Amino acid sequence: MRKINFILIGLTLMMASRVYAYDNDDFQIWNTNVEEVKLNKSSKVTFEEEFRWGDNASDFYYQHYDAGYQYSLTKYLSLGGGYRYIREKKTDKFRPESEPYFAAFTNWKLFDFQFSDRTRIEYRYYTYQTDSWRFRNKLDIKFPWKFTKFEIQPLVADEFFFRFNGIDINENRLYGGIGFTMVKNLKGEVCYMWRATKNPGIGTWKDTNVLSMKLKIAF
């Protein structure tokens, strides 16, 4: 029985290492590009692509393409939905994921700080493992100061992820950085992100340091 236990523990560690190929405290670069098109006063569509490099930014391992729709019910509340297609490297092979989602957006001001909150529910469809549902919530705070002609503005954000099939929080992302305006319709963000992810095999947490860069063009 003791030998069997050692074998099971070894297999669990092997599976965990294959899914989480990068070391703890790995440095990564994430690049996001967004195009936003306003349809009318109350609605808009967005298109997004994102690329990620891990293993100290030397290994391209992730990409997604996203199309979404958002409708403003009031000045402070919007609802929307969309579809995301993901390709992520797992066990040295890129595997697909389809992800339709529903989202709710709220925004408000307090002492000239700008707050925005996004709640999102995703259905994650795979061809190689069991499908799952996921809840995620992101709170963004922009400070009431802007510097230079590029309107450089400090910001912080936090996002947590809750999986329904495992019934627990399995990821958290904490952001700190700046937003800026390059020209009238083109904005950007540069942030440091501390990402904590829970290893599903053995229940431990792993940290990742991410340089996150985002460009957004709006029409």
Side-chain angles (χ1 to χ4, degrees), residues 19-36 46-68 70 80 82 84-90 94 97 99 101 103 105 107 113-120 122 124 134-143 145-148 150-163 169-183 185-199 205-218:
V19 175
Y20 290 83
Y22 305 126
D23 295 334
N24 191 40
D25 291 322
D26 182 42
F27 171 70
Q28 299 188 1
I29 292 177
W30 294 13
N31 172 243
T32 309
N33 302 304
V34 181
E35 182 179 349
E36 184 178 283
T46 58
F47 304 96
E48 177 182 297
E49 60 180 5
E50 183 171 282
F51 307 97
R52 301 178 186 175
W53 290 264
D55 196 14
N56 292 318
S58 65
D59 183 32
F60 175 66
Y61 76 95
Y62 175 99
Q63 59 187 306
H64 78 234
Y65 302 92
D66 189 304
Q70 186 175 334
R84 176 171 292 185
Y85 176 74
I86 299 169
R87 284 175 54 83
E88 183 173 6
K89 186 185 289 186
K90 297 184 178 181
F94 279 94
E97 175 186 341
E99 192 178 277
Y101 61 85
F105 308 84
N107 62 86
F113 286 82
Q114 298 176 8
F115 292 81
S116 60
D117 185 89
R118 184 193 68 194
T119 298
R120 181 160 152 166
E122 305 165 336
R124 309 176 73 191
R134 182 169 69 179
F135 173 91
R136 54 196 289 185
N137 181 267
K138 185 180 182 185
L139 175 66
D140 289 88
I141 305 174
K142 292 184 178 179
F143 291 73
W145 312 301
K146 294 183 179 180
F147 306 98
T148 79
F150 297 108
E151 300 182 342
I152 297 173
Q153 187 175 23
L155 59 89
V156 294
D158 183 74
E159 183 173 21
F160 71 89
F161 296 70
F162 181 90
R163 59 176 183 172
I169 294 175
N170 66 332
E171 182 174 344
N172 192 83
R173 301 175 183 176
L174 182 63
Y175 299 78
I178 58 170
F180 54 90
T181 300
M182 300 177 70
V183 292
N185 296 323
L186 182 61
K187 296 185 177 182
E189 291 181 4
V190 177
C191 294
Y192 162 76
M193 185 220 312
W194 173 69
R195 183 192 191 200
T197 52
K198 190 175 184 179
N199 189 321
W205 288 83
K206 185 180 72 170
D207 298 336
T208 306
N209 302 289
V210 180
L211 174 61
S212 173
M213 298 176 290
K214 181 176 181 179
L215 283 177
K216 177 181 176 181
I217 186 168

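Atoms considered below: every heavy atom in the structure, side chains included; atoms not considered: hydrogens, waters and symmetry mates. Being a predicted model, the structure only gives us computed values, none of them experimental. Index from 1, following the sequence.
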Y192-N209 side chain donor-acceptor pair, cut-off 3.5 Å: yes
Would you give the length of the straight line joining atom NZ of K146 to atom CD of E151, rounded to the nearest 0.5 angstrom? 4.5 Å
Any luck finding a side-chain donor-acceptor pair between N33 and E35 under 3.5 Å? no
Can you label the angle between the F60 ring and the F94 ring as parallel, tilted or perpendicular, going by 30° and 60°? tilted
Do D117 and N137 have side-chain atoms, one donor and one acceptor, less than 3.5 Å apart? yes
Identify the residue among T46, N185, I217 that makes a side-chain contact (heavy atoms from CB on, under 4.5 Å) with E36. T46
Do Y62 and E50 meet the criterion of a side-chain donor-acceptor pair at a distance under 3.5 Å? no
Evaluate the salt bridge (charged side-chain N to carboxylate O under 4.0 Å, His left out) criterion for residues R134 and E99: first the C-alpha distance (whole Å), next the side-chain angles of each, then the deciding distance (0.1 Å), finally the verdict. CA-CA 10 Å; R134 182 169 69 179; E99 192 178 277; 3.7 Å; yes
Assess whether atom NZ of K216 is packed by more than 12 heavy atoms of other residues, nucleotides or ligands within 6.0 Å. no
Strictly distance-based, threshold 3.5 Å: is any side-chain N or O of D207 a donor or acceptor partner for the main-chain N or O of N24? no
Between Y22 and D59, does any side-chain donor sit less than 3.5 Å from a side-chain acceptor? yes
Main chain of L139, side chain of D158: is a donor-acceptor contact present, judged purely on distance under 3.5 Å? no
Please determine, by modelled atom types, if E48 and H64 share a side-chain donor-acceptor pair under 3.5 angstrom. yes
If we check side-chain contact (heavy atoms from CB on, under 4.5 Å) with R120, which of these qualifies: F135, F105, F161, Y101? Y101
